[in-house]
Amino acid sequence: MCGIVGYIGKEEALPILMGGLKALEYRGYDSAGVAVFSKNEINEKKTVGQVEVLEKAVGDGADFKGNLGIAHTRWATHGAPSEANAHPHSDCPRRVFLVHNGIIENYKELKSYLSDRGHIFKSATDTESVAHLIESFLKEGKDFKMALFDTLKMIKGAYALAIIDANNPEILYAAKLSSPLVVGVGNGENFLASDPSAIIGKTRDFIYLKDGELAEITGDKINITNLEKQPTPIEIVRLEWNLEQAQKGDFPHFMLKEIFEGPEVVRSPLCEEELSLKKIM
Ligand code: GLU
């Protein structure tokens, strides 16, 4: 389980996303990626290794000028560390882009169901099945939000997801189950992160998303519903922590934090089957 950062607002998204990834570097990861809605499409870049490598690859950021984006540091559970397996992942027409922390336990069934229906997979990850599943509901004529509800009801396992729609740069979507995800509340801008430390320099007001919630985030509004499509109460928590406190939370050190944040990773049978030795040690 590694790092997620998202941004929507008035500022350039890229520096905020890259800054967030850097703040999350204290967690182990093997690759990184970023996607920004820029010049009417979503542009992405993915690299293996440090966030610094990704930074160099985006260069002066000319292809990443825009106010909506998502970024990720990956700790591979399904599929080797590689550019193709790094997040974000997308659907066939490159409309849906998403980053994911956790494990989609029923990805094999989903992948074979979707492959039989003509979806072309570009990675060996569990995550990519989610993007194609959303696409399949969009193809049935559902709107984006309904496609997300239907998708979330079908996926099993653990997830924190940040999702963007190339057809609508006004909304950043987020959903979670058994993996942490917070919305950072700003002024005319909002943030998303797997850990408040990614954005503690940008805001001190956070909404801790709960399991089974789907958030629709715009620059000045946050709507949260449960999977029964009912609005859920929004509680904003003010964190007066400095960066180190934000990184460690209530845990005395980082190792304990990672252990307690990821029990689903340790429990998962798929994980036992495919998890790299590095991650278990
Ligand atoms: N299971 C996903 C993958 O292997 C996400 C890993 C993570 O949480 O970083 O790509």
Side-chain angles (χ1 to χ4, degrees), residues 2 4 6 30-48 54 57-58 63-64 66 68-169 171-175 270-271 273-274 276:
C2 223
I4 289 177
D30 52 57
S31 50
V34 64
V36 174
F37 185 86
S38 182
K39 300 172 202 150
N40 289 322
E41 59 177 354
I42 295 175
N43 284 334
E44 65 168 2
K45 186 59 86 182
K46 316 200 264 193
T47 51
V48 176
L54 180 66
V58 298
D63 294 333
F64 296 88
L68 166 69
I70 52 176
H72 190 251
T73 46
R74 175 179 188 238
W75 196 348
T77 65
H78 295 71
S82 70
E83 246 175 62
N85 290 337
H87 302 208
H89 290 286
S90 52
D91 61 338
C92 298
R94 293 175 65 79
R95 172 175 175 189
V96 180
F97 283 73
L98 55 85
V99 295
H100 163 227
N101 279 353
I103 291 171
I104 306 301
E105 289 180 0
N106 57 339
Y107 82 100
K108 279 186 186 158
E109 294 92 308
L110 293 174
K111 194 169 177 174
S112 95
Y113 169 86
L114 292 160
S115 300
D116 288 349
R117 279 154 189 79
H119 292 257
I120 308 291
F121 282 73
K122 304 172 287 282
S123 78
T125 62
D126 50 333
T127 302
E128 193 184 345
S129 58
V130 182
H132 291 279
L133 193 55
I134 298 169
E135 178 194 352
S136 75
F137 288 119
L138 291 171
K139 270 191 186 153
E140 288 176 11
K142 299 202 162 136
D143 71 21
F144 204 83
K145 195 173 165 187
M146 289 306 140
L148 290 185
F149 278 127
D150 287 352
T151 298
L152 296 173
K153 283 186 185 149
M154 273 184 81
I155 57 180
K156 297 199 173 83
Y159 56 80
L161 287 163
I163 308 160
I164 52 178
D165 171 8
N167 288 2
N168 185 357
I171 306 181
L172 166 64
Y173 296 91
L270 278 173
C271 190
E273 184 190 315
E274 301 194 30
S276 66

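Treat the numbers as computed from the prediction; the structure is a model and nothing was measured. Residue numbers start at 1 and run along the sequence shown.
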Quick check for you: to the nearest 0.5 Å, what is the distance between [X] atom [atom1] and [Y] atom [atom2]?
X: Leu138; Y: Asn167; atom1: CG; atom2: CG; value: 8.5 Å
X: Asn43; Y: Asp63; atom1: CG; atom2: CG; value: 5.5 Å
X: Ile70; Y: Leu172; atom1: CD1; atom2: CG; value: 7.5 Å
X: Ser129; Y: His89; atom1: OG; atom2: NE2; value: 9.5 Å
X: Ser38; Y: Leu68; atom1: OG; atom2: CG; value: 10.5 Å
X: Lys145; Y: Asn168; atom1: NZ; atom2: CG; value: 12.0 Å

Please answer whether the main-chain N or O of [Y] pairs with a side-chain N or O of [X] as donor and acceptor at a distance below 3.5 Å.
X: Lys142; Y: Phe149; answer: no
X: Glu135; Y: Val96; answer: no
X: Lys46; Y: Pro88; answer: yes
X: Lys45; Y: Ala57; answer: no
X: His119; Y: Asp116; answer: no
X: Ser136; Y: Leu133; answer: yes

(request) Could you check Glu41 against Arg94 for salt bridge (charged side-chain N to carboxylate O under 4.0 Å, His left out), going step by step and ending with a plain yes or no? (result) CA-CA 9 Å; Glu41 59 177 354; Arg94 293 175 65 79; over 6 Å; no
Going by heavy atoms in the side chains, are [X] and [Y] under 4.5 Å from each other?
X: Phe121; Y: Leu114; answer: yes
X: Val130; Y: His100; answer: no
X: Phe144; Y: Ile163; answer: yes
X: Asp30; Y: Arg74; answer: yes
X: His72; Y: Ser31; answer: no
X: Ile134; Y: Leu148; answer: yes

Least distance between heavy atoms, [X] atom then [Y] atom:
X: Val99; Y: Ala71; value: CG2-O, 3.9 Å
X: Ala131; Y: Asp91; value: O-CB, 3.6 Å
X: Ala162; Y: Ile4; value: CB-CG2, 4.0 Å

(message) Please tell me whether His78 and Asn85 have a donor and an acceptor in their side chains that are separated by less than 3.5 angstrom.
(response)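 Side-chain D/A pair, His78 to Asn85: absent.
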(message) Evaluate Val36 against Val58 for side chain to side chain contact (heavy atoms under 4.5 Å, CB included), listing each step before the verdict.
(response) CA-CA 11 Å; Val36 174; Val58 298; over 6 Å; no
(message) Let's go through His87 and Leu98 carefully: what are the C-alpha distance in whole Å and the side-chain angles of both, what is the deciding distance for side chain to side chain contact (heavy atoms under 4.5 Å, CB included) to 0.1 Å, and is it a yes or a no?
(response) CA-CA 7 Å; His87 302 208; Leu98 55 85; 5.8 Å; no
(message) Counting neighbours of NZ on Lys156 that are heavy atoms of other residues, nucleotides or ligands and sit closer than 6.0 Å, is the number greater than 12?
(response)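 Check fails, neighbour count at 12 or below.
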